[in-house]
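These figures come from a predicted structure and were not determined experimentally.
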Amino acid sequence: MKTQQNQQFSEELVTIATENEFLTIEQASKFLGYKIKTLYKKNSQGEIPYYNPTGGKVLYLKRELEEWIKNGRQKSGQGMGQFINYLTKKAA
């Protein structure tokens with residue numbers, strides 16, 4: 001009975017959260033273009049902001065994900081330099 005109540009609470013929380021600009025891990029995966037497995041890894045390494053209020057469902061605040069993306073932005077020349085280094089090492 002308690003497990004069923006926890007499941008129902010979790011589903012209600014996800015519904016409320018989604019209506020308030022929170023994303024489920026599936027939605028965040030599509031939004032960011034990452035596999036779900038990659039998001040779980042980023043969560044465990046503290047690389048990405050997320051919420052886990054029930055200990056089950058993982059939620060992301062869309063506004064925080066947008067900020068996370070913006071903070072990862074590199075200067076135009078810097079990204080190209082890294083890409084050239086990557087290609088150079090791969091060719092060697």
Side-chain angles (χ1 to χ4, degrees):
M1 178 87 174
K2 194 167 192 167
T3 305
Q4 185 179 8
Q5 287 175 333
N6 287 344
Q7 178 67 27
Q8 184 178 1
F9 174 73
S10 180
E11 290 172 6
E12 289 173 5
L13 183 61
V14 168
T15 300
I16 292 167
T18 302
E19 291 170 357
N20 290 300
E21 295 296 320
F22 276 88
L23 303 175
T24 63
I25 195 161
E26 293 85 3
Q27 293 168 324
S29 170
K30 290 177 185 175
F31 177 71
L32 296 171
Y34 286 122
K35 293 181 181 180
I36 292 173
K37 182 178 177 179
T38 302
L39 285 180
Y40 278 121
K41 184 176 179 180
K42 289 188 175 300
N43 293 349
S44 68
Q45 294 176 343
E47 294 180 18
I48 192 167
Y50 73 98
Y51 298 86
N52 190 353
T54 63
K57 294 280 185 180
V58 176
L59 300 171
Y60 302 87
L61 189 57
K62 187 174 182 179
R63 174 177 41 83
E64 290 181 348
L65 292 179
E66 289 168 345
E67 284 300 314
W68 179 75
I69 292 167
K70 289 176 188 175
N71 289 335
R73 182 177 178 268
Q74 298 179 352
K75 295 177 184 174
S76 58
Q78 186 179 3
M80 184 57 75
Q82 288 177 345
F83 182 65
I84 291 169
N85 286 340
Y86 168 77
L87 291 176
T88 305
K89 288 178 183 177
K90 193 169 183 171

For Tyr51, which residues count as a ring-ring contact (aromatic ring centres under 6.0 Å, His included) partner, sequence neighbours excluded?
Phe22
Between atom CD of Gln45 and atom CG of Asn43, what is the distance when rounded to the nearest 0.5 Å?
10.0 Å
How long is the span from the CG atom in Leu23 to the CG atom in Leu59, to the nearest 0.5 Å?
8.5 Å
By salt bridge (Lys or Arg N to Asp or Glu O under 4.0 Å), Glu66 pairs with (sequence neighbours left out) none
Over all heavy atoms of both residues, which pair between Pro49 and Tyr60 is shortest? Give the atoms and the distance, please.
O-CD2, 3.3 Å
Side chain to side chain, Tyr40 and Val58, heavy atoms closer than 4.5 Å
yes
Do the side chains of Ile48 and Leu32 get nearer than 4.5 Å, heavy atoms only?
yes
Pairs flagged by salt bridge (Lys or Arg N to Asp or Glu O under 4.0 Å) wherever residues 22-39 is involved - sequence neighbours left out
none
Name the one of Leu39, Thr24, Thr38 that satisfies side chain to side chain contact (heavy atoms under 4.5 Å, CB included) with Ser29?
Leu39
